[in-house]
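Accompanying notes for the structure given below.
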Amino acid sequence: MGRASPLLIIFLVLGSSFATYNLVTMIIHYGSSESEAVDDGALFFDPITEMPAHVKNRKTSKAPFHVALTATDAPYNKWQCRVMYYWYKKQKSLPGSEMGGFTRILHSGKPDNLMDEIPTVVVNPLPAGLDRGYIVLNRPWAFVQWLEKAKMEEEYVLMAEPDHIFLRPLPNLAYGGHPAAFPFFYIKPDQNEKIVRKFYPEEKGPVTNVDPIGNSPVIIRKDLIAKIAPTWMNISLKMKEDPETDKAFGWVLEMYAYAIASALHGVRHILRKDFMLQPPWDLETNNKYILHYTYGCDYNLKGELTYGKIGEWRFDKRSHLRGPPPKNLPLPPPGVPESVVTLVKMVNEASANIPNWDSA
């Protein structure tokens with residue numbers, strides 16, 4: 001190569017200096033904007049996408065969150081709560097966790113035999129018949145009652161469910177006034193606009209303001225969920241009373257109600273696909289925080305999925321409606337995804353270490 005002219009060298013130096021100045025200015029601007037965003041709830045990034053790395057990695061202090069778990073006193077719910085609480089305690093004690101306290105919100109209206117094992121607040125169920133057999137409608141009503149009496153130090157709340165297992169220490173994924181939520185592929189407000197508009201009128205904004213989420217898992221500031229919860233409860237009841245909505249949304253009705261209630265209050269969620277995985281469809285647990293075992297896992301002895309057909313090997317929480325699964329469940333056959341193997345191992349570890357496993 002020929003020797004560079006003095007004029008070209010000057011241009012290169014000036015250009016490099018200008019780029020460096022812009023980069024430093026941008027970093028300073030973002031650094032100051034970050035603290036402002038926490039105060040007023042404004043963000044300089046789209047809350048529907050992953051947070052930029054420079055924001056995600058610039059936390060200056062921990063923001064612990066309180067784990068709030070809604071549950072019934074049915075045996076089916078109890079053993080799941082015990083597994084969940086076991087793994088909460090284990091992951092909370094590890095470095096990197098921002099988990100604070102824990103409350104099981106028991107919406108049976110009366111204490112049960114796990115009161116001494118799991119920190120619990122008893123709240124009332126909906127009046128008889130109001131849930132029309134859809135017991136999940138008790139969840140928003142339970143949160144309304146709990147938030148009125150809750151005494152907790154944490155500013156944030158994680159809304160969780162009994163069939164959640166913490167895979168690793170969970171950091172606070174929320175950011176200021178923007179909660180963090182897991183996006184569900186089957187929550188599609190834009191494809192159900194006619195029904196969504198019954199509860200989210202056009203003057204409120206585009207239907208895309210309704211996030212594709214449910215209430216769980218969600219990490220949210222407690223002042224925000226205190227505002228949203230009554231609306232979430234009322235919309236859930238109205239949806240259940242409307243035959244068209246009830247038929248269209250079915251078992252995810254209460255999830256849509258939370259998403260719409262949040263939109264009515266102008267709350268948008270940061271969608272985190274790494275928040276949770278759901279076997280057997282998600283194959284690996286790597287870099288995920290919560291394992292949600294809502295689906296049955298059925299396989300033949302070749303390790304092939306037989307979903308919809310009872311397999312030669314299976315794990316399905318619904319197989320244990322009347323009591324906990326036995327200890328030391330057999331592991332899946334070779335070829336079954338790591339996520340399913342991990343699920344069984346974690347249930348086995350919990351059952352082996354929880355006292356009086358068979359009695360609850």
Side-chain angles (χ1 to χ4, degrees), residues 64-93 97-128 130-131 135-166 170 214-220 222 225-226 228-230 232-233 236 254 258 290-294 317 320-325 346-347 349-351 353-360:
F65 55 86
H66 194 96
V67 180
L69 170 68
T70 51
T72 73
D73 60 358
Y76 171 68
N77 243 213
K78 285 182 180 179
W79 69 259
Q80 293 175 51
C81 289
R82 300 180 87 193
V83 172
M84 197 267 200
Y85 185 59
Y86 171 85
W87 284 104
Y88 152 80
K89 290 188 295 181
K90 189 160 186 175
Q91 305 300 357
K92 180 181 184 293
S93 66
S97 172
E98 292 175 9
M99 299 176 181
F102 187 104
T103 300
R104 180 181 61 137
I105 308 172
L106 182 62
H107 51 80
S108 62
K110 59 184 186 299
D112 65 5
N113 63 340
L114 295 183
M115 303 294 291
D116 294 333
E117 179 179 332
I118 304 175
T120 300
V121 170
V122 178
V123 297
N124 293 320
L126 289 167
L130 196 58
D131 64 11
I135 197 168
V136 183
L137 281 186
N138 285 281
R139 183 176 294 153
W141 174 223
F143 269 105
V144 169
Q145 296 174 83
W146 176 64
L147 288 164
E148 288 179 349
K149 64 174 73 173
K151 295 180 180 179
M152 55 184 172
E153 298 178 357
E154 300 87 356
E155 185 182 3
Y156 290 84
V157 174
L158 166 65
M159 295 187 282
E161 297 180 20
D163 58 356
H164 287 176
I165 293 178
F166 294 108
L170 176 62
N215 84 290
S216 178
V218 167
I219 300 178
I220 185 170
K222 64 184 177 184
I225 187 56
I228 292 170
W232 170 30
M233 180 188 71
S236 296
E254 168 266 343
Y258 174 79
I290 292 174
L291 190 156
H292 183 210
Y293 55 101
T294 188
K317 64 180 185 178
H320 309 286
L321 296 175
R322 298 183 179 180
M346 295 185 85
V347 171
E349 179 177 332
S351 65
N353 289 281
I354 294 174
N356 305 312
W357 171 251
D358 298 324
S359 63

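Computed over heavy atoms, backbone and side chain alike; hydrogens, waters and symmetry mates excluded.
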Point to revise | Residues Tyr156, Glu98; criterion side chain to side chain contact (heavy atoms under 4.5 Å, CB included); working and verdict | key: CA-CA 10 Å; Tyr156 290 84; Glu98 292 175 9; over 6 Å; no
Check your understanding: Do Met84 and Arg104 pass the side chain to side chain contact (heavy atoms under 4.5 Å, CB included) test, and can you show the C-alpha distance, the side-chain angles, and the key distance before you say yes or no?
Key -> CA-CA 11 Å; Met84 197 267 200; Arg104 180 181 61 137; over 6 Å; no
Practice item. Check the pair Phe166 / Trp87 against ring-ring contact (aromatic ring centres under 6.0 Å, His included), numbers first and verdict last. Key: CA-CA 6 Å; Phe166 294 108; Trp87 284 104; 9.8 Å; no
Check your understanding: Can you list the steps and then say if Ile354 with Glu117 is a side chain to side chain contact (heavy atoms under 4.5 Å, CB included)?
Key -> CA-CA 10 Å; Ile354 294 174; Glu117 179 179 332; 3.8 Å; yes
Point to revise | side chain to side chain contact (heavy atoms under 4.5 Å, CB included) evaluation trace for Gln91 with Leu170 | key: CA-CA 8 Å; Gln91 305 300 357; Leu170 176 62; over 6 Å; no
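Side-chain contact between Lys90 and Glu349 is present, with at least one heavy-atom pair separated by less than 4.5 Å. Using a 4.5 Å cut-off on side-chain heavy atoms (C-beta onward), Pro64 and Glu154 make contact. Put simply, the side chain of Tyr85 reaches to within 4.5 Å of the side chain of Pro119, judged on heavy atoms. Considering only heavy atoms from C-beta on, Ile228 comes within 4.5 Å of Ile220 through its side chain. Side-chain contact between Tyr258 and Pro140 is absent, with no heavy-atom pair separated by less than 4.5 Å. Side-chain contact check for Phe65 versus Met99: some heavy-atom pair is nearer than 4.5 Å.
Between Phe102 and Tyr88, the ring planes are tilted. Angles from 30° to 60° get that label. Under the 30°/60° scheme for interplanar angles, the aromatic rings of Trp146 and His66 are found to be tilted. Between His164 and His292, the angle of the ring planes goes over 60°, which puts this pair in the perpendicular group of the 30/60° scheme.
Heavy-atom contacts from other residues, nucleotides or ligands closer than 6.0 Å to CG of Asp116 number 12 or fewer.
For the atom pair CG of Asn215 and CD1 of Ile225, the computed distance is 7.0 Å after rounding to the nearest 0.5 Å. A distance of 5.0 Å separates CE in Met115 from OG1 in Thr120, rounded to the nearest 0.5 Å. In this structure, the separation between OG on Ser236 and CG on Asp131 is 11.5 Å, given to the nearest 0.5 Å. Going from atom OH of Tyr86 over to atom CH2 of Trp357 covers 11.0 Å, rounded to the nearest 0.5 Å. Atom-to-atom distance recorded for Met159:CE and Leu69:CG is 12.5 Å, nearest 0.5 angstrom. Between atom CD of residue Gln80 and atom NZ of residue Lys317 there is a gap of 5.0 Å, rounded to the nearest 0.5 Å.
The one candidate from Ile219, Leu158, Thr103, Val157 that meets the side chain to side chain contact (heavy atoms under 4.5 Å, CB included) condition with Val67 is Leu158.
Nearest approach of Phe143 to Ala229, heavy atoms of both residues: CB-CB, 4.5 Å. What you find for Tyr293 and Pro162 is that their closest heavy atoms are OH-O, 3.9 Å. In terms of heavy atoms, Thr70 sits closest to His107 at CB-CD2, 4.2 Å. Closest approach of Ala68 to Ile105, counting heavy atoms only: CB-CD1, 4.0 Å. Shown here for Pro217 and Ile290, the closest heavy-atom pair between the two residues is CB-CD1, 4.1 Å. What you find for Val122 and Gly109 is that their closest heavy atoms are CG1-C, 3.5 Å.
Remark: the backbone N or O of Ser93 is not paired with any side-chain donor or acceptor of Ser97 at under 3.5 angstrom. Remark: side-chain polar atoms of Asn138 are paired, donor with acceptor, to backbone N or O of Leu126 under 3.5 angstrom.
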